[in-house]
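Worksheet for the structure shown next.
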Number of protein chains: 2
Amino acid sequence: MDSESPLSELLCFDLYAASRSVTSVYRVLLDPLGLTYPQYLVMLMLWRHGDRTVRELVDELRLDYNTLSPLLKRLEARGLLERRRRPDDERSVTVLLTDEGRALQEKTRDVPKAISDAIGLDDAVIADLQEALRTLASNATAHAAHMSTNTAK
Amino acid sequence: MDSESPLSELLCFDLYAASRSVTSVYRVLLDPLGLTYPQYLVMLMLWRHGDRTVRELVDELRLDYNTLSPLLKRLEARGLLERRRRPDDERSVTVLLTDEGRALQEKTRDVPKAISDAIGLDDAVIADLQEALRTLASNATAHAAHMSTNTAK
DNA sequence: AGCGACTACATCGCGCACGATTTAATCGCG
DNA sequence: CGCGATTAAATCGTGCGCGATGTAGTCGCT
């Protein structure tokens, strides 16, 4: 974008651009399956770890209810999953896969390799990158929370 | 999120989460100014480099017309900029700052430092991170373009 | 000059993100 | 037990992101 910005603002722009570019790769792969990237993340959780409450998905994917609620509704409408109120706590909703939802997993078999190829970085670089991103996200999230509670500077 | 995914898919998730966390920091900073992060990026370009055509903004911010067109319309509606058809090429639209748009720059003086603090990484790490992200984005964009033109595997 | 290809931009539709608000169920504490 | 506080989830509104489509304006080629 630029050359005279402070380093951290340039980084943020690169992060923003990189994230969108990765999503666009997922789009190419997932569109034939009728899934978006966030939807794929939900399906991944269910395939790997079985039934989850909406709250667990919120925590694990770091998305909000207001993003997940309609997203789950769409996945349910497509017949991939079912939402069921918990009998022991009527506030909670358990999300569970249908047979069709389970069957879809097979069609995603080649996704990880395709992503790995598209990224084109070797594992050592990826590991470093990942650690830096996690630190960054953790710092930023904490900072944002703190800043918005403190009205004053 | 997980521990048994291939490394590159985990990285993508971290990238996605990190990008949103950074945006949330910008939100805290920019909301009092009535700007979103993408809007701030446009204003940055205009503050630093002066008048731009829509096409130049598309290229420099790597956003599409269908994202920028309504965004610029909103900024124009707020009186921060003006859109003007070029006389020499009636297809092009030049975007230029109003006095109010120029005046807004001063209120963003503390943003870079606040971002730097929120990120909480030292410059060496940031530089590495940035290079990896640029390589990744460049690879991914090329790959996505290639994959979608090739219908066959 | 004429016409097809290309370009710059706009518009539409859909699915996120996310702040704000609402509803219903459960918990905690006197 | 009763009632205020908390929690889980849903809904609404706004602004991206982006595929698909539409519309002028310009270029290239004969």
Side-chain angles (χ1 to χ4, degrees), chain A residues 16-28 30-32 34-42 52-59 61-78 83-95 141 144-145 147-149, chain B residues 16-28 30-32 34-42 52-59 61-78 83-95 141 144-145 147-149:
Chain A
Y16 171 58
S19 177
R20 283 184 293 119
S21 76
V22 164
T23 303
S24 78
V25 177
Y26 272 107
R27 195 186 325 279
V28 175
L30 297 176
D31 204 55
L35 289 178
T36 65
Y37 180 56
Q39 288 171 2
Y40 172 68
L41 291 176
V42 168
R52 312 306 276 157
T53 62
V54 178
R55 176 160 202 343
E56 285 167 335
L57 292 173
V58 162
D59 290 345
L61 301 178
R62 293 176 239 169
L63 290 167
D64 290 339
Y65 284 105
N66 42 12
T67 297
L68 275 177
S69 271
L71 186 156
L72 293 170
K73 216 170 171 182
R74 283 187 285 272
L75 289 177
E76 185 174 38
R78 289 194 196 187
R83 291 181 300 162
R84 225 176 259 167
R85 288 273 159 196
R86 286 184 92 115
D88 57 314
D89 184 346
E90 287 281 338
R91 292 171 303 175
S92 291
V93 169
T94 299
V95 178
T141 301
M147 289 169 88
S148 55
T149 52
Chain B
Y16 171 58
S19 177
R20 283 185 293 121
S21 77
V22 164
T23 303
S24 78
V25 177
Y26 272 106
R27 195 186 324 280
V28 175
L30 297 176
D31 203 54
L35 289 179
T36 64
Y37 180 56
Q39 288 171 2
Y40 172 68
L41 291 176
V42 168
R52 312 308 274 160
T53 62
V54 178
R55 175 161 201 346
E56 284 167 335
L57 293 173
V58 163
D59 290 345
L61 301 178
R62 294 176 237 170
L63 291 167
D64 290 338
Y65 283 105
N66 41 13
T67 297
L68 275 176
S69 271
L71 188 156
L72 292 171
K73 215 171 172 180
R74 283 187 284 272
L75 289 177
E76 185 175 38
R78 289 194 197 186
R83 291 181 301 163
R84 226 177 259 169
R85 290 269 160 200
R86 285 184 91 114
D88 57 314
D89 184 346
E90 287 281 337
R91 293 172 302 176
S92 290
V93 169
T94 299
V95 179
T141 301
M147 290 169 86
S148 54
T149 52

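Proteins get letters first, then strands, A, B, ... in listed order; numbering begins at 1 in each.
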TODO: Return the set of residues passing ring-ring contact (aromatic ring centres under 6.0 Å, His included) with A:Tyr37 (not counting sequence neighbours), or none when no residue passes.
DONE: A:Tyr26, B:Tyr16

TODO: Check for a donor-acceptor pair, side chain of B:Arg62 on one end and backbone N or O of A:Ser21 on the other, with a separation under 3.5 Å.
DONE: no

TODO: Report yes if the side chains of A:Leu63 and B:Arg20 come closer than 4.5 Å at any heavy-atom pair, otherwise no.
DONE: yes

Open item on the list: Holding to side chain to side chain contact (heavy atoms under 4.5 Å, CB included), I want the full list of residues that pass it with A:Thr94, two or more places apart in sequence or in another chain.
Closed with: A:Asp51, A:Thr53, A:Arg86, A:Leu96

Open item on the list: Treating primed atoms plus P, OP1 and OP2 as sugar-phosphate and everything else as base, which nucleotides of nucleotides 8-18 of chain C get B, S or - for protein heavy atoms under 4.0 Å?
Closed with: SBBBB--SSBB

Open item on the list: Using the side chain to side chain contact (heavy atoms under 4.5 Å, CB included) criterion, which residues pair with B:Asp64? Sequence neighbours excluded.
Closed with: B:Asn66

Open item on the list: Quick one, B:Leu75 and B:Leu35 - any side-chain contact, counting heavy atoms below 4.5 Å?
Closed with: yes

- [ ] Under 4.0 Å from any heavy atom of chain B: name the first and the last nucleotide of DNA chain D that qualifies, 5' to 3'.
- [x] D:dG15 to D:dT26

Open item on the list: Please enumerate all residues that pass side chain to side chain contact (heavy atoms under 4.5 Å, CB included) together with A:Glu76, with sequence neighbours excluded.
Closed with: A:Leu81, A:Glu82, A:Arg83

